[in-house]
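Notes for the one structure printed next.
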Amino acid sequence: MLYINCPHCGMRSQNEFSYGGDATVKRPVLNKEVSDQEWDDFVYNRKSLRGKHLELWQHISGCRQWIKVERDTATHEIFRTFKADEEVA
Amino acid sequence: MTQAFRIDNEGLINREKKLSFKFNGKTYFGYEGDTLASALLANGVHLVGRSFKYHRPRGFFGAGVDEPYAIVQLYRNGETEPNIKATEQELFEGLEAKSVNCWPSVNFDIGAINNFLKIFLPAGFYYKTFMWPKSFWYRIYEPFIRKAAGLGVASTKHDNERYEHKYEYCDLLIAGSGPSGLASAYAAAKNGAKVILAEDKARFGGSLLTSDVNIGNQSGKDWAEGIIAELKTMPNVVVKNRSQIFGYYDHNMLVMSEKVSDHLPATKKYHPNKRLWYIRAKEVLISSGSIERPIVFGNNDTPGVMLSSAAKEYLKVYGVLVGKKPLVFTNNDSGYETAIEFKKHGIDPIVLDTRKNPVSEIIDEAKNLGINIRNSYVVVAAKGYKKVKSADIANISEDKKVLSKIENIQCDCICVSGFWTPTIHLASQSGNKTKFKEEIDAFVPGQSKQNEITLGAANGVFSLDETLKTSFKAGSELSKKITENDNEIAIPNVVEKKSSKHDKFWCVPLPKGKNYKRFLDFQNDVAVSDVEIALREGYRSIEHVKRYTTLGMATDQGKTSNLNGLQLVSEIENKVVPAVGHTTFRPPYTPVSIGAIVGREVGKHSKPTRKSPMHEWHKKNNAVFVDAGVWLRPRYYKKGNENLFEASKREAKNVRTNVGVCDVTTLGKIDVKGPDAAELLNRVYTNAWLKLPVGKARYGVMLREDGIVMDDGTTTRISENHYHMTTTTAQAANVLSHLEYYLQLVWPELNVNVVSTTEQWAGAAIAGPKSRDLLQKLFPNSDVSNEGLPFMGYMEGDLFGVKARIFRISFSGELAYEVNVESDYGNFMWEKIIEVGEEFNIQPYGTEALSTLRIEMGHVAGSELDGRTIPYDNALEGLVSKKKDFIGKRSLQRSAFIAEDRQRIVGVVPLDKQTSIPEGSHLVKDDKAPLPNPKLGHISASCWSVEYDNPFSLAILKDGKNMIGQKLFAMSPLKNKVIPVEIVSSHYVDPKGERVRS
Ligand SMILES: [Zn+2]
């Protein structure tokens with residue numbers, strides 16, 4: 001079970017969180033003309049990365065905040081966590 | 001009572017307390033502190049079972065977790081449990097155990113014929129033979145294998161034992177209470193660190209219980225006792241025996257199974273049988289020690305052949321002689337320690353040492369005691385079927401290839417020592433890439449992966465002095481980092497005998513003309529010849545060899561077999577062992593009861609049960625409940641001898657003719673507040689929300705980004721910046737997360753807050769032509785006329801002094817309202833509605849009638865919004881705005897979603913107006929068409945229409961728009977039904993919405 005540092009609550013076990021997918025995907029802005037390819041990339045197409053991955057988790061049984069977690073998909077090492085509005089450098 | 005093999009003045013058992021037990025129906029005696037294994041051996045019982053494949057007689061090989069085959073079926077307090085190691089099961093009064101793997105009995109076993117048919121059952125036998133002919137598998141092969149194989153029988157009864165889960169956090173978790181575990185625990189505890197020390201056996205001390213050493217001028221055993229006693233008094237230390245850390249998971253989470261009650265005749269009241277600990281540790285110290293390695297020779301599985309360390313443990317801990325004419329077969333000094341213990345108790349062992357001329361303090365001691373030692377000697381084969389009677393021994397040449405001077409000598413046990421294998425399972429599970437240590441012919445942990453460090457014998461360090469020094473240091477330094485205390489500890493001086501180098505010899509060659517079975521893996525009956533076959537047939541990867549031969553599989557996980565298997569592969573393949581590599585160690589290290597893993601989450605405890613505030617009323621009024629997610633909802637209210645069908649028909653009919661009331665508390669409710677609330681709704685719902693006035697409700701549909709309908713419900717504008725959203729019962733949690741996702745990540749600029757209010761409100765739906773009359777009586781001061789409270793209107797009212805919210809919404813095809821009050825007043829509201837409604841012939845209705853009413857009016861619910869349908873499929877395209885953008889809108893342009901013959905909801909009526917159509921039935925054009933019959937759609941929901949008094953169903957049908965009036969067949973192979981049907985509109989009742997607006 002992963003041990004995730006919620007930037008709002010501190011270290012908590014994985015079972016308090018739910019997974020939310022790739023955090024680097026940006027939703028096209030509303031009312032913008034979007035090509036099929038662009039929309040498919042947003043809705044469906046994901047890289048199955050081995051290694052460092054920025055992903056979303058929601059602290060569902062805690063503060064209910066969505067957070068970003070930088071995690072290695074192969075080793076499960078978690079490097080850093082960020083608040084939803086924090087820029088990831 | 002005499003125990004022929006029990007000696008006086010030795011062992012840690014309590015001779016004051018005699019215990020009786022039964023094995024295979026026969027009664028024996030042992031003492032408190034015995035294991036089942038030691039008690040049987042004290043009684044001279046060596047035959048405990050039959051082997052897995054060849055059904056050869058099997059005895060005891062180890063004395064603890066290392067035991068590969070002394071597995072029994074245990075009977076305790078009216079329950080039975082398979083897969084119990086006799087070497088780990090502590091004796092209690094009245095214990096009963098039986099052999100497994102044998103039929104009809106352990107002494108006469110039919111399966112043993114496998115052993116004498118030489119061609120039978122080599123590696124891959126099951127794969128090759130039982131595949132053909134196919135029809136034989138179910139009738140002959142499988143029943144035979146099932147009867148003949150297996151490690152016991154799982155009970156089919158309900159398990160009455162209780163199991164607990166516990167979550168714990170600590171600074172240092174220490175696995176193993178041998179010298180290294182004790183030293184590091186003590187040092188860390190003195191620095192004030194929070195320490196958990198876990199020992200899988202009943203007694204603490206590990207190797208110190210049996211080794212002849214001195215620490216700080218005490219015996220090793222006394223020193224261990226002193227340390228444990230002190231640790232137990234320290235508030236920052238948890239010391240646990242009978243507790244096996246079996247898994248090392250991510251981020252230093254380890255799981256430990258504590259046997260709380262297995263050593264007692266019955267579990268004490270309020271105690272669990274086992275407790276599963278989830279431990280998150282800052283630092284993990286693996287002090288799991290090492291397991292002695294067998295030497296491979298002919299018939300090395302005969303009862304009476306065992307590890308020399310096990311023989312020593314039976315003697316030193318239990319006062320039991322495993323034989324009176326022992327033969328010790330060793331390639332290192334450990335065998336001598338066992339021989340010396342025998343000699344001290346008046347038994348004359350013979351030592352066969354594969355080395356030519358070894359010299360050490362231990363060997364000198366053995367010589368001084370007059371022990372018969374034969375150098376460059378090996379055991380060629382054990383003789384005797386159910387018990388060792390003698391052994392063929394031989395001189396072996398310097399290159400270890402040629403046997404000479406073969407002779408037979410009498411012995412009643414053979415104690416084998418092939419040196420030591422560090423127990424690296426936990427380190428390996430943590431992700432540590434292990435490395436091969438040439439000096440000890442074994443793998444040891446390499447670079448730490450998580451916060452783990454391996455110490456002592458588990459790390460390949462076999463000197464006590466070095467183990468204590470490194471362990472005190474590790475405990476002290478790791479705890480210092482955490483607590484910033486640095487309390488110095490004097491490291492005690494150690495007296496131990498120096499040993500000489502071991503011999504890398506591991507397998508005795510076969511003498512000419514002999515074909516003895518030489519076993520590598522005792523639990524799975526894998527012999528040298530099996531691995532040879534696997535390699536000959538082209539299996540190269542050690543992982544493949546493992547699967548093909550079953551070497552190192554099952555519950556044993558190769559504890560004693562692993563390295564010898566690798567040695568063999570490396571020899572045949574002409575590779576060095578590290579190039580062959582070992583198979584992956586996976587948790588659990590030892591078998592864990594399913595009950596312990598499940599814990600308390602059984603039956604009703606497997607999930608929480610949510611009840612509405614009106615639950616007690618429903619119960620009192622004969623409600624029959626149904627699980628709706630985690631909620632309990634009334635399915636129907638039983639009157640007299642009614643069944644579900646009759647009751648739900650009555651309830652639905654009463655809604656259509658009079659008025660009914662239904663508990664709708666379970667609907668998800670979300671408060672949406674803030675200046676941008678309308679904007680948020682406008683983006684998440686497909687329809688327009690910016691112009692909804694205060695005091696009005698609107699029905700909305702929300703999509704996922706892929707265009708699939710996620711949920712539907714009504715949202716009401718309570719005040720300027722305050723909306724009350726409802727969701728379906730099932731989707732309530734998902735919808736809240738969905739809103740939070742967009743508010744926090746996508747549109748953080750929106751000034752809106754959302755919070756679940758599901759539990760804050762109790763809800764009652766009042767539906768039927770007389771519902772307005774009833775409502776007027778409930779709220780005499782409010783104008784609930786069609787003008788005062790029109791369809792989709794909202795008002796607040798005073799329900800006999802209780803503030804209520806009144807919504808005019810309908811999902812039944814009738815004039816209907818929903819009344820909400822704060823949860824604590826829910827029951828009050830309900831009773832008032834029933835009381836006042838009496839004159840209107842009110843009846844409560846359950847989910848079955850609710851479902852009937854919504855199906856009849858064609859209102860979609862979970863069975864249509866099944867994660868595969870878009871708004872058009874549900875005839876909801878009228879709610880999809882063409883003007884504004886919203887979540888999922890772009891996906892609705894996908895070609896499949898706009899196809900002319902797109903699936904769409906329809907109504908279905910059987911032609912005979914009698915036969916109910918099973919939900920899930922497929923709709924097909926031709927009921928006689930060859931399979932696979934092309935499916936045009938499926939029945940999503942069925943009911944008995946109370947309006948028309950015939951069955952009515954909803955279906956999602958291909959090109960549904962153009963199918964109205966068509967005749968099709970509904971086929972349910974599951975129910976074996978073919979029903980001719982007609983396709984009609986999905987709006988069977990009130991198609992124009994006249995009633996709901998009346
Ligand atoms: Zn949090």
Side-chain angles (χ1 to χ4, degrees), chain A residues 1-5 7-8 10-45 55-61 63-69 71-78 82-86, chain B residues 165 167-169 247-255 278-282 430-433 449-451 679-680 682-684 703-708 733-734 736-750 753-756 883-895:
Chain A
M1 203 181 334
L2 305 183
Y3 207 28
I4 300 172
N5 188 10
H8 308 280
M11 297 300 294
R12 300 298 181 93
S13 273
Q14 182 185 345
N15 50 1
E16 294 187 13
F17 295 83
S18 77
Y19 183 68
D22 191 338
T24 63
V25 175
K26 283 263 174 295
R27 191 191 193 282
V29 296
L30 288 167
N31 298 308
K32 187 189 147 202
E33 195 70 27
V34 186
S35 71
D36 282 352
Q37 184 60 52
E38 207 180 324
W39 187 253
D40 284 354
D41 284 345
F42 160 61
V43 177
Y44 298 106
N45 300 331
E55 54 200 21
L56 293 170
W57 290 77
Q58 188 183 15
H59 194 188
I60 199 148
S61 305
C63 61
R64 293 205 63 89
Q65 294 301 301
W66 284 88
I67 62 169
K68 296 177 207 168
V69 175
R71 183 179 71 103
D72 190 304
T73 56
T75 65
H76 291 189
E77 185 177 353
I78 290 176
F82 306 88
K83 294 177 180 171
D85 57 0
E86 248 179 290
Chain B
H165 284 185
Y167 290 81
E168 194 53 90
Y169 296 81
Y248 197 138
Y249 300 91
D250 290 311
H251 299 178
N252 296 299
M253 159 74 77
L254 291 95
V255 186
Y278 292 91
I279 305 171
R280 186 82 70 175
K282 289 191 182 131
S430 85
N432 188 307
K433 291 269 174 275
K449 173 68 200 322
Q450 301 195 35
N451 293 359
E679 179 61 29
L680 174 72
N682 208 45
R683 294 179 185 186
V684 298
L703 307 187
R704 311 189 309 216
E705 291 286 17
D706 62 3
I708 299 291
N734 290 346
L736 184 63
S737 274
H738 181 73
L739 299 177
E740 286 165 338
Y741 175 91
Y742 284 93
L743 284 173
Q744 293 171 26
L745 291 161
V746 186
W747 304 313
E749 69 278 7
L750 291 185
N753 268 312
V754 290
V755 67
S756 166
K883 293 187 195 127
K884 57 140 193 174
D885 199 0
F886 53 85
I887 292 169
K889 185 178 192 183
R890 178 64 179 77
S891 289
L892 296 179
Q893 295 170 24
R894 303 179 66 80
S895 54

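Residue numbers start from 1 in every chain, and the chains themselves are labelled A, B, ... in the order their sequence lines are given, proteins ahead of strands. As a basis for the values below, the full set of heavy atoms in this structure was taken, side chains included, without hydrogen atoms, waters or symmetry mates.
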Exercise for the section: Find the distance between CD (B/Gln744) and CG (A/Leu56) and round it off to the nearest 0.5 Å. Expected result: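 Reported to 0.5 Å precision, the distance equals 10.5 Å.
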Handout entry: Distance (rounded to the nearest 0.5 Å) between A/His59 NE2 and B/Glu740 CD
Key =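 Reported value, rounded in 0.5 Å steps: 12.5 Å.
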Heavy-atom cut-off 4.5 Å, strictly under: side chain, backbone, both or neither for [X] against chain B?
X: A/Gln65; answer: both
X: A/Val34; answer: both
X: A/Ser13; answer: both
X: A/Asp85; answer: neither
X: A/Trp66; answer: both
X: A/Ile60; answer: side chain

Practice task
Please determine, among B/Tyr278, B/Tyr249, B/Tyr169, the option with the most heavy-atom pairs under 4.5 Å with chain A.
Solution key: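 Most heavy-atom pairs under 4.5 Å with chain A: B/Tyr169.
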Exercise for the section: Identify which of B/Val255, B/Asn252, B/Leu736, B/Val746 forms the greatest number of heavy-atom pairs closer than 4.5 Å to chain A. Expected result: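 Between B/Val255, B/Asn252, B/Leu736, B/Val746, the count favours B/Leu736.
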Between [X] and chain A, with a heavy-atom cut-off of 4.5 Å, which part of the residue counts as in contact: side chain, backbone, both or neither?
X: B/Arg280; answer: side chain
X: B/Tyr167; answer: side chain
X: B/Leu743; answer: neither

Practice task
Just grab all the salt bridge (charged side-chain N to carboxylate O under 4.0 Å, His left out) pairs involving residues 885-894 of chain B, residues at least two apart or on different chains.
Solution key: A/Asp36-B/Arg890, A/Asp40-B/Arg894
Exercise for the section: Report yes if the side chains of B/Leu745 and A/Arg27 come closer than 4.5 Å at any heavy-atom pair, otherwise no. Expected result: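 No, every pair of side-chain atoms sits at 4.5 Å or beyond.
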Problem - Over 12 foreign heavy atoms within 6.0 Å of CD, A/Glu33 - result: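 Not more than 12 within 6.0 Å, no.
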Exercise for the section: Check for a donor-acceptor pair, side chain of B/His251 on one end and backbone N or O of A/Ile4 on the other, with a separation under 3.5 Å. Expected result: no
